[in-house]
Amino acid sequence: MPLVSVEDLQLELAVESGWVRVLDGVDLRLEPGVIHALVGESGSGKSITALTLSRLLPDSLARRTGGRVVVDGQDVFSLDRAGLQRLRGSIVSYVFQEPASALNPVMRIGDQIRETLALHRPAEATAAEVERWLARVGIPSPAVRARQYPHELSGGMQQRVMIAMALAPRPRLLVADEPTTALDVTIQAQILDLLRELRRELGMAILLITHNLGVVGEIADEVSVMYAGQVVECGPAAAVLRRPAHPYTAALLASVPRLGARRDALEVIPGIVPSLGAWPSGCRFHPRCPQAVPDCAREIPVLRHLAHARAARCPFSVADIAP
């Protein structure tokens, strides 16, 4: 049984002009203990998909118009307030991409972690447990750091505090939204190593939201590629990166700089991600796709299941694609 099952999810957000669809038939499956990467350009719907797993978007601003989300056997959209409180933190926990804005600037680090423990594991809301988690995520002198405020820590240390806070309730799923974006490459590598090590130790699943395909290749077991509110390709990460089945995935890979490659200019994907409510007809990617034919503008592609646990939303995907 999967830990997370998202089936044909359709979601709308409230804007000044009314309701605009932002997710349109998203399918996502996360297995226990697996690192699953969610990839795509900004505006593809990655973060909104992740927030929907525990209904963090207010009901007044977001409404589901179709599909279902099941987490740990529970239909998320049928949970009451108490059920959602148990889900958030105890089962699904989040690390957001800007720790400086996610941490409370006027609370000491230790108090913020202890507050999380008090909510989900009251018996463990002690100074010793706080220091244990700070040490576990690689923060030296945890007793000293616990008494400090967020502004007294570096960006890398702040991110480690966010990871400690997210893991203290011992969730079954950690959602890491661009956890290394604002960090230098050395700290990025340390954070990724930490996530990999904690996954092995705690047996939890990780949903890693990123636009960095290098990170996907280094840490992810599985990957789902999103574009304009849809998953356009998914499968084992190594196989998808080695031989993409969707033109969008191939274009993303082609735009990654490579050491030793002699080019006058970097590869780019022409155009931009369509804005919300302005999706093109037919295949969402066809205005930017080098392989597009006239039918691509008329026919809406479905997510086709391919060999070796792969799927792609393109009629030209090879059905017997290599693993």
* Could you walk me through whether R288 and E41 pass salt bridge (charged side-chain N to carboxylate O under 4.0 Å, His left out), step by step? => CA-CA 13 Å; R288 308 173 69 190; E41 294 168 279; 3.0 Å; yes

* Got a donor-acceptor contact below 3.5 angstrom from the K46 side chain to the G40 backbone? -> yes

* To do: Look only at the side chain of S255 and the backbone of L252, and say whether a donor-acceptor pair between them is shorter than 3.5 Å.
  => yes

* **Residues E197 and R136 bridged, charged N to O under 4.0 Å** => yes

* Using modelled atom types only, decide if a donor and an acceptor are shared between the side chain of Q158 and the backbone of P150 within a distance under 3.5 Å. => yes

* To do: Flag the pair R199 and D221 as a salt bridge only when some basic side-chain nitrogen lies within less than 4.0 angstrom of an acidic carboxylate oxygen.
  => yes

* **Salt bridge flag under 4.0 Å for residues E129 and R121** => no

* Could you please spell out the steps behind the salt bridge (charged side-chain N to carboxylate O under 4.0 Å, His left out) verdict for E222 and R310? => CA-CA 10 Å; E222 299 174 355; R310 298 185 58 178; over 6 Å; no

* Give a yes or no on whether the backbone of R313 and the side-chain of H246 come within a donor-acceptor separation of less than 3.5 Å. => yes

* Look at the side chain of T116 and the backbone N and O of Q112, then say whether any donor-acceptor pair between them is shorter than 3.5 Å. => yes

* Asked: Quick one: do R284 and D24 make a salt bridge, cutoff under 4.0 Å?
  -> yes

* Are a donor atom and an acceptor atom from the side chains of S224 and H36 found within less than 3.5 Å of each other? -> yes

* When you check the gap from the basic side-chain N to the acidic O, do E218 and R196 get nearer than 4.0 Å? -> yes

* Asked: Got more than 12 heavy atoms from elsewhere within 6.0 Å of CD1, I272?
  -> no

* Judged by atom type as modelled, is there a donor-acceptor pair below 3.5 Å linking the side chain of S154 to the main-chain atoms of M157? -> yes

* Does any N or O in the side chain of R108 come within less than 3.5 Å of the main-chain N or O of R147, such that one atom is a donor and the other an acceptor? -> yes

* Asked: When you look at CD of E31, are more than 12 heavy atoms from neighbouring residues, nucleotides or ligands closer to it than 6.0 Å?
  -> yes

* Results of side chain to side chain donor-acceptor pair (under 3.5 Å) for Q85 - residues two or more places apart only -> none

* Asked: Taking 4.0 angstrom as the limit, do E233 and R304 come out as a salt bridge?
  -> no

* **Spatial distance of atom OG (S54) from atom CZ (R88) [nearest 0.5 Å]** => 5.5 Å

* Asked: Would the number of heavy atoms belonging to other residues, nucleotides or ligands and lying under 6.0 Å from CG of L84 be above 12?
  -> yes

* To do: Decide side chain to side chain donor-acceptor pair (under 3.5 Å) for R21 and Q10; before the verdict, give the C-alpha distance in whole Å, the side-chain angles of both, and the deciding distance to 0.1 Å.
  => CA-CA 7 Å; R21 182 165 294 185; Q10 299 170 43; 3.0 Å; yes

* Sidechain-backbone polar pair: R63 side chain, D59 backbone, donor-acceptor under 3.5 Å -> no

